[in-house]
Amino acid sequence: MSRNRQKAVGYALPELHLFASTVHGLEPIAAAELTARGHRVLGIRKRQVLVSSPPELADDRPRTIDDLLIQLASAPDPGPVKADLAALRLDVELEPIRAALDGGEATLSVSASMIGRRTYNRYDLEEAIGTHLARRLGARLASRRGGARPPEGAVELRATLSPEGLLLGLRGRRAPLHRREWRKATIPGSLHPPVAAAMARLAEVEPGMTVLDPCCGAGTILIEAAEAEPSVRYLGSDRDPEALDAAARNADGRRQIEWQRADAAELPLPTGSVDRMVTNPAWGRQVRADTPFQALLDEWKRVLTPGGRLVCLLPPELPSWVEDAGWTVEKTVQVSVSGRHPLIAVAEKRS
Ligand SMILES: C[S@@+](CC[C@H](N)C(=O)[O-])C[C@H]1O[C@@H](n2cnc3c(N)ncnc32)[C@H](O)[C@@H]1O
């Protein structure tokens, strides 16, 4: 039995060491979701959550993370210069890679990400790890240098390097978890699905509620919310018919979501009829924003029930402005997506 599978708790209970990769800022939300699903959190690093998990959770698909990998090796940061990389000797568990290679094409691919200044790049790191492993396993290494994509059927490994250490994980032949099967169409500004899933968690949606996204775009937030809690009435509206077409394609038969064309500042909904609003309105970067945000917030206050909650993705400068408009911001979570650092604000209306 491999080290990774051994855990003595009274009698032998096999456990796996896994690690989740996350959007920076979502680590605590991801850790909470992983815990709720039966994983045991061992540590939280920037963009990573390390867990110990029962073997049946190796194929788990939490929604707030980018990926979940079997940990094959963990080592201190080798150092910032190329000579450090040349001296890197990783103690890698080969058994899970052999099992993944079994019966298919014997091609390995390593994708790496790095935090910190170094005189080598991610391709150098990928090759330092992959060349050695491929030789030991009798496999071919498909280099990703220059942005090359690994061939169909390659077994994928993922390395993450930061001053906190080097982790090597096995994804195998499946796609990363953030790539959702439901997603057939996007619009400019479509949200990274794990961020949408985290926003839905922050909304604390309960069965029987009515949940609205008044700027629904291609429907990411409501589809992610419905995957986590189906027994809810979801209302998605947008003024752009093309966005609504994309949303309907993506939702594909999820009958609890209703799509409607509407202006987010003049919603065709009764006062106090919505328990939760979860949304990322246009900020004028990827999508034109010509409705004053004040007008949106006033209308959203009208349709929310007393005690209703708004979860909204905003540019970092906006939350004090939300307070001024009669909302209490209960919590903010800063996330790093596509080189930007917006805030998820959780707010309740004051008046
Ligand atoms: C950033 S996108 C939302 C992306 C969406 N969350 C997704 O993942 O696809 C903002 C959306 O707000 C819509 N929008 C902008 N102003 C609006 C308004 N006044 N009323 C309704 N929708 C509006 C745009 O058409 C766009 O679809």
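Order of listing sets the numbers, starting from 1, for every ligand and every atom in it.
The shortest heavy-atom distance from Ala265 to ligand 1 is not under 4.0 Å. Contact between Ala262 and ligand 1 is present, with at least one heavy atom of the residue lying under 4.0 Å from the ligand. Not a single heavy atom of Ala247 sits under 4.0 Å from any atom of ligand 1.
Listed by chain and residue number, Arg122 satisfy the salt bridge (charged side-chain N to carboxylate O under 4.0 Å, His left out) test with Glu126 (two or more places apart in sequence, or in another chain).
Salt bridge annotation for Glu266-Arg239: absent, with no cationic side-chain nitrogen under 4.0 angstrom from a carboxylate oxygen. Between Glu15 and Arg40, at least one side-chain N (NZ, or NE/NH1/NH2) sits under 4.0 Å from a carboxylate O, which counts as a salt bridge. Ion pairing of Glu299 with Arg302 is present here, as a side-chain N (NZ or NE/NH1/NH2) and a carboxylate O approach within less than 4.0 Å. A salt bridge links Arg63 with Glu224: at least one charged nitrogen is closer than 4.0 Å to a carboxylate oxygen.
Those atoms of ligand 1 that come under 4.0 Å of a heavy atom in Ile187, given as number and element, are 9 (O), 27 (O). Of all atoms in ligand 1, numbered sequentially from 1 with element shown, those under 4.0 Å from a heavy atom of Gly217 are 5 (C), 9 (O), 27 (O). Taking every non-hydrogen atom of Asn280 and a distance limit under 4.0 Å, the qualifying atoms of ligand 1 come out as 1 (C), 2 (S), 3 (C), 4 (C), 5 (C), 6 (N), 10 (C). In summary, the atoms of ligand 1 found under 4.0 Å from a heavy atom of Asp263, numbered by their order in the structure, are 18 (C), 19 (N), 20 (N). Close approach of ligand 1 to Pro214 (heavy-atom distance below 4.0 Å) involves ligand atoms 21 (C), 22 (N). Interface atoms of ligand 1 facing Asp240, defined by a heavy-atom separation under 4.0 Å, are 25 (O).
Considering backbone and side-chain atoms alike, Ala218 places an N or O below 3.5 Å from some N or O of ligand 1. Taking only nitrogen or oxygen atoms, main chain and side chain alike, Leu191 reaches within less than 3.5 Å of ligand 1. Inclusion of Arg183 in the set of residues having an N or O under 3.5 Å from an N or O of ligand 1 is not warranted. Where the criterion is an N or O separation shorter than 3.5 Å, residue side chain and backbone included, Ala264 meets it with respect to ligand 1.
Remark: side-chain polar atoms of Glu27 are paired, donor with acceptor, to backbone N or O of Arg47 under 3.5 angstrom. A donor-acceptor pair is defined here as one N or O able to donate and one able to accept, closer than 3.5 Å; no such pair exists between the side chain of Trp259 and the backbone of Asp245.
Neither the backbone nor the side chain of Ser237 comes within 4.0 Å of ligand 1, counting heavy atoms alone. Contacts between Asp213 and ligand 1, counted as non-hydrogen atom pairs separated by less than 4.0 Å, are absent for every part of the residue.
For residues 130-143, the pairs satisfying side-chain hydrogen bond (donor to acceptor under 3.5 Å, both in side chains) are Glu127-Ser143, with sequence neighbours left out.
Between Phe293 and Trp321, the ring-plane angle classifies as tilted under the 30° and 60° cut-offs.
Side-chain atoms of Ser109 and Arg149 include no donor-acceptor pair closer than 3.5 Å.
Remark: among candidates Cys216, Pro188, Ala282, the nearest residue to atom 5 (C) of ligand 1 is Cys216, based on non-hydrogen atoms. Among Glu224, Arg239, His192, the residue whose heavy atom sits closest to atom 17 (C) of ligand 1 is Arg239.
Looking at Arg233, Arg276, Met277, Glu258 one by one, the single match for side-chain contact (heavy atoms from CB on, under 4.5 Å) with Leu212 turns out to be Met277.
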